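In this text, all values refer to a predicted model and were calculated from it rather than measured experimentally.
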Protein chains: 2
Amino acid sequence: MKASTDECAHAILEVAPAIMRTIRTEMRRHRTSDLSVPQFRTLAFIDNHEGPSLSDVAGHIGLTLPSMSKIVDGLVARKLITREIASADRRRITLALTSRGQTLLTAARGATKACLAEMLQSLSLTDRTLVINAMETLRLIFLQQPANTAAR
Amino acid sequence: MKASTDECAHAILEVAPAIMRTIRTEMRRHRTSDLSVPQFRTLAFIDNHEGPSLSDVAGHIGLTLPSMSKIVDGLVARKLITREIASADRRRITLALTSRGQTLLTAARGATKACLAEMLQSLSLTDRTLVINAMETLRLIFLQQPANTAAR
DNA sequence: TATTGTTATACTCTATAACTATA
DNA sequence: TATAGTTATAGAGTATAACAATA
C-alpha cells in the first residue's frame, strides 16, 4: 500500500456515494421526519448558528442562492423555520427554527444516527476510532471548520 | 474520545455530505465530461462487470428499476453505452460501454480523482493511510463488496 | 453601483403506479 | 403467474440568467 493521494482519492470516490445513498434512503424511510439530506443540513446549520442569513447558509452548505432559497421556501411552507427581514439591513433575511422544526430536527438526527450506528456495530473499537479520526481529518479539508460540539 | 458507534455515526453524517458536494461540483465543472454522480457510477459499474442487466446495475447502485432505466436512457442517448436485448432471455437487456463511453469514463475518473487528490495533498502519509483504511472499513459495510481492483 | 434575495426556466434524480413483453 | 423493463406522473434538488429591492 503506497497510500498516495491518488489512491486516497480513489477510495473516497468509491465509498462516499454509497454512504450517502444509505443515508438518503434511511432519512426518507422515517416517514415521521421525511427530510431530504439538504433539508436536514439546512435545519442543522440554522440550529447551530444564530439567525443566519440566506447567504450564510448557502455559503456554508455549498449551494447557490437560488437553490438555497428554494429549499428555504419548502421549510417555511412546512413551518419548520421562520424567515424574517433583518431590521438592520432590509435586504437580508434572518432564519430561525420553529419549535416544530427543532423537534423534527432532533427526531431526524436521532433516527438516522441510530440507523447508521446500528450498521456500524460490527466494527471493533479500533475500527470505530479509525473511522472517527479519518472523518475528523476529512472534515478539515471538506468543511473548513472544526467540529463545533460533541455528538448531539 | 469514547469512539461509540453513535459518535462514529455522527462523524459520518456530518462529513459525507460535504465530500459528496465537492465531488458533484467538481464533476460538473469539467465541461468535457459533464457527468452526474449517478451517471458516473453507472458507467463505472458497467465498466467493472461483464454485460450487466438493468437489474444488476440498479441493485448494486441502489436505485429502483425505473430510476435506473431513465439514467440508462440518457447514457444511451449520449452514445456512452449500448443497450441490447439478451439472446438467452429476451426480457433482459445487456449493457456495455461504447468506446466513447470508455474514453469519457476514464477522463472523468481522472479529472475528479486529480481534483480530490489535489485537495488531499496537505495530508501526511500517516493521514492518507488512515483515510484509506477507514474507507476500506466502510466499504465493507456500505458496499457489501471488497475492492475489485487497484486504483485506476 | 453593489449586494441580497427571489423568480423564471430547465435539467437531472428519484420514487410509485401502471403497463408491456417474455418466460 | 412471475419476472424484466419501460412509461407515466410527480416532486425535490440543482444551476444559470434575469429581475426587484435595498444600501
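Rounded to an integer number of Å, the gap from CE of A:Met68 to C1' of D:dA12 is 13 Å. The distance between atom CD1 of A:Ile71 and atom P of D:dG11, rounded to the nearest whole Å, is 17 Å. When rounded to the nearest whole Å, the span between CG of B:Leu54 and C1' of D:dT7 equals 13 Å. Taking atom CZ of residue B:Arg24 and atom C1' of nucleotide D:dT14, one finds them 9 Å apart after rounding to whole Å. D:dA15 atom P lies 13 Å from atom CG of B:Asp34, rounded to whole Å. Rounding to whole angstrom units, CE of residue B:Met27 and P of D:dA15 are separated by 15 Å. Rounded to an integer number of Å, the gap from A:Arg92 CZ to D:dT22 C1' is 12 Å. Look at CG on B:Asp73: it is 11 Å from P on C:dT12, rounded to the nearest Å.
Between B:Thr22 and B:Thr25, the side chains place no donor N or O within less than 3.5 Å of an acceptor N or O (distance only, hydrogens not considered). A:Thr64 and A:Ser67 are linked by a side-chain donor-acceptor pair at a separation below 3.5 angstrom, with hydrogens and angles left out of the test.
Mapping A:Val72 and B:Pro38 onto DNA chain C by nearest heavy atom places A:Val72 closer to the 5' end of the strand. Nearest-nucleotide mapping onto DNA chain D: of A:Val37 and B:Thr94, the residue sitting toward the 5' end is B:Thr94.
Nucleic acid contact for A:Arg41: none, since no nucleic acid atom lies under 4.0 Å from a heavy atom of the residue.
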Once base and sugar-phosphate atoms are separated, protein heavy atoms under 4.0 Å mark nucleotides 15-23 of chain C, 5' to 3', with B, S and - as BBB---BBS
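Put simply, A:Ser53 has no side-chain N or O that comes within less than 4.0 Å of OP1 or OP2 on C:dT4.
A salt bridge does not link B:Arg41 to B:Asp47: none of the charged nitrogens lies less than 4.0 Å from a carboxylate oxygen.
Counting non-hydrogen atoms of other residues, nucleotides and ligands closer than 6.0 Å to CD of A:Gln121 gives a total above 12.
Checked against C:dT6, D:dT14, C:dC13, the side chain of A:Ser69 finds its nearest nucleotide in C:dT6.
In this structure B:Thr5 satisfies the side-chain hydrogen bond (donor to acceptor under 3.5 Å, both in side chains) test with no other residue, sequence neighbours excluded.
Among A:Ile19, A:Leu116, A:Val37, the one residue that satisfies the side chain to side chain contact (heavy atoms under 4.5 Å, CB included) test with B:Leu13 is A:Leu116.
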Scan the side chains in residues 93-100 of chain B for donor-acceptor partners under 3.5 Å anywhere in the protein, sequence neighbours excluded, and list what turns up.
| residue | atom | partner | partner atom | Å |
| --- | --- | --- | --- | --- |
| B:Thr98 | OG1 | B:Lys79 | O | 2.8 |
| B:Thr98 | OG1 | B:Leu80 | O | 3.1 |
| B:Thr98 | OG1 | B:Arg100 | N | 3.4 |
| B:Thr98 | OG1 | B:Gly101 | N | 2.9 |
| B:Arg100 | NH1 | B:Arg78 | O | 2.6 |

